[in-house]
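Everything below concerns the one structure shown next.
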Amino acid sequence: MPLLPFLGRTLGTGLAAGAALATYAAWEARQYTLREVSVPLLPAGHRPLRVLHLSDIHMAPDQRAKREWLRGLADLEPDLVVDTGDNLAHMRSVPFVLDALGPLLARPGISVFGSNDYFSPGWRNPARYLLPDTGHRNTHTPQLPWRDLRRGLVDAGWVHLSNELGSLTVGDTTFALAGIDDPHLDYDDLTAVAGPADPTADVRLAITHAPYLRVLDRFAADGYDAVLAGHTHGGQVCLPGYGALTTNCDIEPARAKGLHRHPADSRPGDPGSAWLHVSAGIGTNPYVRFRVACRPEATLLTLVPRA
């Protein structure tokens with residue numbers, strides 16, 4: 001076969017395959033999914049609790065389908081809602097986020113913020129996520145109205161934790177809480193929440209936006225029963241049968257989403273260990289609305305008595 005026609009045919013095939021993949025990835029980014037998992041965290045005799053874990057909503061004003069899907073999650077009637085940050089993607093996103101959360105704001109809730117609650121998103125080559133972390137962070141773009149979002153959540157009765165301890169009672173279960181500001185921006189102050197978790201609480205729960213190992217190590221060592229996080233997008237673009245290629249932090253790709261233990265080789269009951277749930281999140285960067293083999297998700301965690 002002559003070289004030029006062969007190259008032209010090869011290039012055409014590659015472009016067609018790329019367009020097909022981009023079309024599929026844009027479609028998958030809108031296939032909102034609810035995962036369900038049980039976690040043995042409660043003392044014996046306590047009734048199960050339904051905890052809705054939301055993360056990385058990355059709401060833009062034009063995303064009506066996402067808002068409607070989020071509002072529909074209120075039909076699950078969760079006992080507690082946990083939002084682990086990155087709610088915003090636009091300067092005008094706050095009212096759309098609060099509208100999407102809608103009836104969920106009437107439920108007990110706790111929250112922390114991530115970098116995309118603080119700073120406007122910018123274009124970034126997705127391939128850079130596969131390279132070593134340079135430590136450079138997107139803090140040169142305009143600040144988002146995160147104060148308005150925090151005010152809306154707190155006025156609704158949610159507990160917002162920014163390098164703070166807290167407590168909450170849901171039904172007959174008492175929670176000792178700890179939450180830190182975004183570790184990806186180095187906003188976390190672990191000394192502010194350090195120390196043994198309240199041993200009198202029924203459940204000791206910690207939340208963070210990004211599951212950096214220094215944060216997970218601290219919470220597990222301090223006796224928290226579980227840590228909830230987001231940030232990773234589950235890898236966002238994954239290889240079928242293999243999984244995540246990157247996590248955008250220092251947790252390994254094998255724990256980019258789902259329920260795990262921390263440390264990874266620990267077992268329930270081991271001192272200095274905890275359950276870890278990482279949400280793959282609901283949204284994407286508004287400039288790259290793609291997902292591959294990693295659908296956008298919320299998770300309904302059913303807390304059940306420990307064995």
Evaluate V203 against L42 for side-chain contact (heavy atoms from CB on, under 4.5 Å), listing each step before the verdict.
CA-CA 7 Å; V203 177; L42 302 180; 3.7 Å; yes
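- We find the CZ-OG distance between R204 and S167 to be 13.5 Å, quoted to the nearest 0.5 Å.
- Salt bridge annotation for R261-D270: absent, with no cationic side-chain nitrogen under 4.0 angstrom from a carboxylate oxygen.
- Tracing side-chain contacts under 4.5 Å through hydrophobic residues (I, L, V, M, F, W, Y), one reaches V112 starting from V82; they form part of the same cluster.
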- request: Quick one: do I57 and L70 satisfy side-chain contact (heavy atoms from CB on, under 4.5 Å)? Show the steps, please.
  value: CA-CA 9 Å; I57 294 172; L70 277 167; 3.9 Å; yes
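- Side-chain contact of T84 with H53: a donor-acceptor pair under 3.5 Å is present, judged by distance alone.
- Remark: the T232 side chain and the T247 side chain contain no N/O donor-acceptor pair separated by less than 3.5 Å.
- Taking OG1 of T302 as the reference point, atom CG of L300 lies at 5.0 Å (rounded to 0.5 Å).
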Derivation of the salt bridge (charged side-chain N to carboxylate O under 4.0 Å, His left out) call for R289 and D62
CA-CA 13 Å; R289 296 183 183 183; D62 63 333; 3.2 Å; yes
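- Side-chain N or O atoms of D83 include one that pairs as donor or acceptor with a backbone N or O of G85 at under 3.5 Å.
- A 4.5 Å side-chain heavy-atom check between L41 and L49 finds every atom pair outside the cut-off.
- Contact check for R50 versus L303: no side-chain heavy atoms found under the 4.5 Å cut-off.
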### Query
Does the side-chain contact (heavy atoms from CB on, under 4.5 Å) test come out yes or no for V237 and L245, once each step is laid out?
CA-CA 8 Å; V237 175; L245 300 175; 5.5 Å; no
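- Note that CZ of R218 and OG1 of T208 are 14.0 Å apart. Values are rounded to the nearest 0.5 Å.
- Scanning all heavy atoms of the two residues, the minimum distance from V170 to P108 falls at CG2-CB, 4.4 Å.
- Between the side chain of S120 and the backbone N or O of P142 there is at least one donor-acceptor pair closer than 3.5 Å.
- Using modelled atom types and a 3.5 Å distance limit, the side chains of H231 and Y212 yield no donor-acceptor pair.
- Atom-to-atom distance recorded for S162:OG and W146:CH2 is 7.5 Å, nearest 0.5 angstrom.
- Closest approach of P263 and G272 over heavy atoms only: CD-O, 3.6 Å.
- Of all the heavy atoms in W158 and S111, the pair that sits closest is CE3-CB, 4.3 Å.
- At distances below 3.5 Å, not a single donor-acceptor pair connects side-chain atoms of E28 with backbone N or O atoms of A25.
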Practice task
Apply the test side-chain contact (heavy atoms from CB on, under 4.5 Å) to residues D79 and R47: give CA-CA distance (whole Å), side-chain angles for both, the deciding distance (0.1 Å), then the verdict.
Solution key: CA-CA 11 Å; D79 300 292; R47 71 171 182 86; 3.4 Å; yes
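- Inspection of the H160 and R151 side chains reveals no N or O donor paired with an N or O acceptor under 3.5 Å.
- Looking only at side-chain heavy atoms (C-beta outward), L34 and E297 stay at 4.5 Å or farther from each other.
- With no hydrogens or angles considered, no side-chain donor-acceptor pair links N163 and D181 at under 3.5 Å.
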- Worked verdict on H233 versus H58 for side chain to side chain donor-acceptor pair (under 3.5 Å): CA-CA 11 Å; H233 292 200; H58 292 282; 3.1 Å; yes
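- With contacts defined as side-chain heavy-atom distances shorter than 4.5 Å, the pair D182/D117 does not qualify.
- A donor-acceptor pair shorter than 3.5 Å cannot be found between the side chains of T284 and R291.
- By the 6.0 Å contact criterion, CZ on R64 is open, its count of non-hydrogen atoms from other residues, nucleotides or ligands being 12 or less.
- A salt bridge does not link D186 to R137: none of the charged side-chain nitrogens sits closer than 4.0 Å to a carboxylate oxygen.
- For the residue pair H184 / S115, no side-chain donor-acceptor distance below 3.5 Å is found, with atom types taken as modelled.
- Counting only heavy atoms from C-beta outward, the side chains of L52 and L73 approach each other to under 4.5 Å.
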(request) Evaluate side chain to side chain donor-acceptor pair (under 3.5 Å) for R255 paired with H277, printing each intermediate quantity in order. (result) CA-CA 9 Å; R255 293 192 292 165; H277 183 262; over 6 Å; no
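- Looking at heavy atoms from C-beta onward, R267 lies out of side-chain contact with S273 at the 4.5 angstrom threshold.
- Under a hydrophobic-cluster definition in which Ile, Leu, Val, Met, Phe, Trp and Tyr are linked whenever side-chain heavy atoms come within less than 4.5 Å, directly or via other members, W275 and L177 are assigned to the same cluster.
- In this structure, F119 has its ring center no closer than 6.0 Å to that of H140.
- The two atoms that bring F290 and A26 nearest to each other are CD2-N, 3.8 Å, heavy atoms only.
- Side-chain contact between T299 and E36 is absent, with no heavy-atom pair separated by less than 4.5 Å.
- Inspection of the D202 and T174 side chains reveals an N or O donor paired with an N or O acceptor under 3.5 Å.
- Between Y118 and Y187, the ring centre distance stays below 6.0 Å.
- Taking CG from D56 and OG from S279, the interatomic distance works out to 6.5 Å, rounded to the nearest 0.5 Å.
- Note on L98: it clusters hydrophobically with I282, by side-chain heavy-atom contacts below 4.5 Å among ILVMFWY residues.
- Side-chain polar atoms of D217 and H262 form a donor-acceptor pair below 3.5 angstrom.
- A chain of hydrophobic side-chain contacts below 4.5 Å, direct or via other Ile, Leu, Val, Met, Phe, Trp or Tyr residues, connects L101 to L144.
- A donor-acceptor pair under 3.5 Å is absent between the side-chain atoms of K257 and the main chain of G235, judged by distance alone.
- The side-chain heavy atoms of L88 and M59, taken from C-beta on, include no pair separated by under 4.5 Å.
- One finds the CG atom of L153 at 12.0 Å from the CD1 atom of I110 (value rounded to the nearest 0.5 Å).
- Minimum interatomic distance between A89 and S93 (heavy atoms only, all atoms of both residues): N-OG, 3.6 Å.
- Among all heavy-atom pairs drawn from Y224 and A176, the shortest one is CE2-O, 4.1 Å.
- Linking ILVMFWY residues whenever their side-chain heavy atoms come closer than 4.5 Å, directly or via other members, leaves V304 and V37 in distinct clusters.
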